[in-house]
Amino acid sequence: MAYGLLAGKTGILTGALDEHSIAWKVAERCHAEGARFILTNAPVALRMGGIQQLAERTGAQLIPADATNLDDLGKLYDAAKEQFGQIDFILHSIGMSPNVRKGRAYTDLSYEFLQKTYDISAISFHKMMQLAYQRDLIKEWGSVVALSYIAAQRVFAKYSDMTEAKALLESFARTFGYHYGKAKHVRVNTISQSPTKTTAGSGVAGFDTMYDFAEKMSPLGNATAEDCANLVVFLFSDLSRRLTMQNFYSDGGFSSMGISEEVLEAIAPKA
Ligand code: NAI
């Protein structure tokens, strides 16, 4: 069902890698709601090809940009300005930890990798906002959204240094949200999403168990990538006009739970 919630709106969507990506679902939903947008991803991700089809289907221009590289971001924003003038929304849907990829324990982190984790997964968000702010790229009442995970608030044993990256990401949303809101009435929020079966998600050790645990714990079950996309559409739309500097849980109720009957039963000693 489409409601025309983003009719006439334009923006930039990062992070669509394949049809499982949360950003992929966001692109499909934004397109259905009438938005026009640029799709962007790291050059290496574009070479994998799947995103070309998404661009064709949604009528989007595809621009490579490493989100940690200010020159790349500058070229991306030049292209957006040329196509749309000012834009209405930006999605940050980017995460990667070399420590997680290489299976480094949290008590044996490589600090070189840790810097990369922060740069890719969190500081890129500040860079995207700072450059947009300085160039006055986003219209008044525009909306910026980044994707986070509840490990920013609570310990999830295998989430490693992505934990601190998400805490930093959410903090950037609050602090930049203050400055952007005050100066230009631009809104900044994060969505804290359930475990979702994507390339980034499945890279975390023990992901399938975390997924099943969250599913058993959440009264509504895990939020899907489509559920997350619907919330992004709402946050990009005028319906959420005075929502800013918030972290919204897209998690089927998980964040309010202590323990559920299903988890009690799963860990009860068998008679
Ligand atoms: P995904 O693997 O489909 O998306 C991650 C994207 O980040 C990829 O498209 C990748 O190419 C891009 N990326 C990596 N380095 C980059 C760089 N230097 N410059 C530009 N792009 C770069 O996985 P998913 O799950 O859709 O991830 C999107 C966001 O959702 C991430 O921030 C992730 O942490 C977050 N998230 C994911 C959850 C999950 O369980 N899958 C749960 C909660 C949050």
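Both ligands and their constituent atoms are indexed starting at 1 by order of listing. Everything numeric in this text was worked out from a predicted model, so none of it was measured. Along the sequence shown, residues carry numbers from 1.
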Candidates Asp18, Thr196, Leu147, Ile22; heavy atom nearest atom 37 (C) of ligand 1 found on Ile22
Review point. Do Phe84 and Gln61 have side chains that get closer than 4.5 Å, going by heavy atoms?
Key: no
Near Phe207 (heavy-atom distance under 4.0 Å), the atoms of ligand 1 are 40 (O)
ask   = On the ring face of Tyr211, is Lys197 found with NZ or CZ under 6.0 Å from the centre and within 45° of the axis?
value = yes
Note: Ser148, heavy atoms under 4.0 Å from ligand 1, region reported as backbone
Can you find an N or O of Asn41 that's nearer than 3.5 Å to an N or O of ligand 1?
yes
How about Val144 and His92: do any of their side-chain heavy atoms sit closer than 4.5 Å?
no
Within the 4.0 Å heavy-atom cut-off, what Ala45 brings close to ligand 1 is side chain
Quiz prompt | Donor-acceptor pair between Gln153 and Tyr249 side chains, under 3.5 angstrom | solution = yes
N/O of Ala23 under 3.5 Å from N/O of ligand 1, yes or no?
no
Mark yes or no for whether Asp88, through its side chain, and Gly142, through its backbone, hold a donor-acceptor pair below 3.5 Å.
no
Is Asp119 salt-bridged to Lys127, cutoff N-O under 4.0 Å?
-> yes
Candidates Ala67, Gly15, Ser21; heavy atom nearest atom 8 (C) of ligand 1 found on Gly15
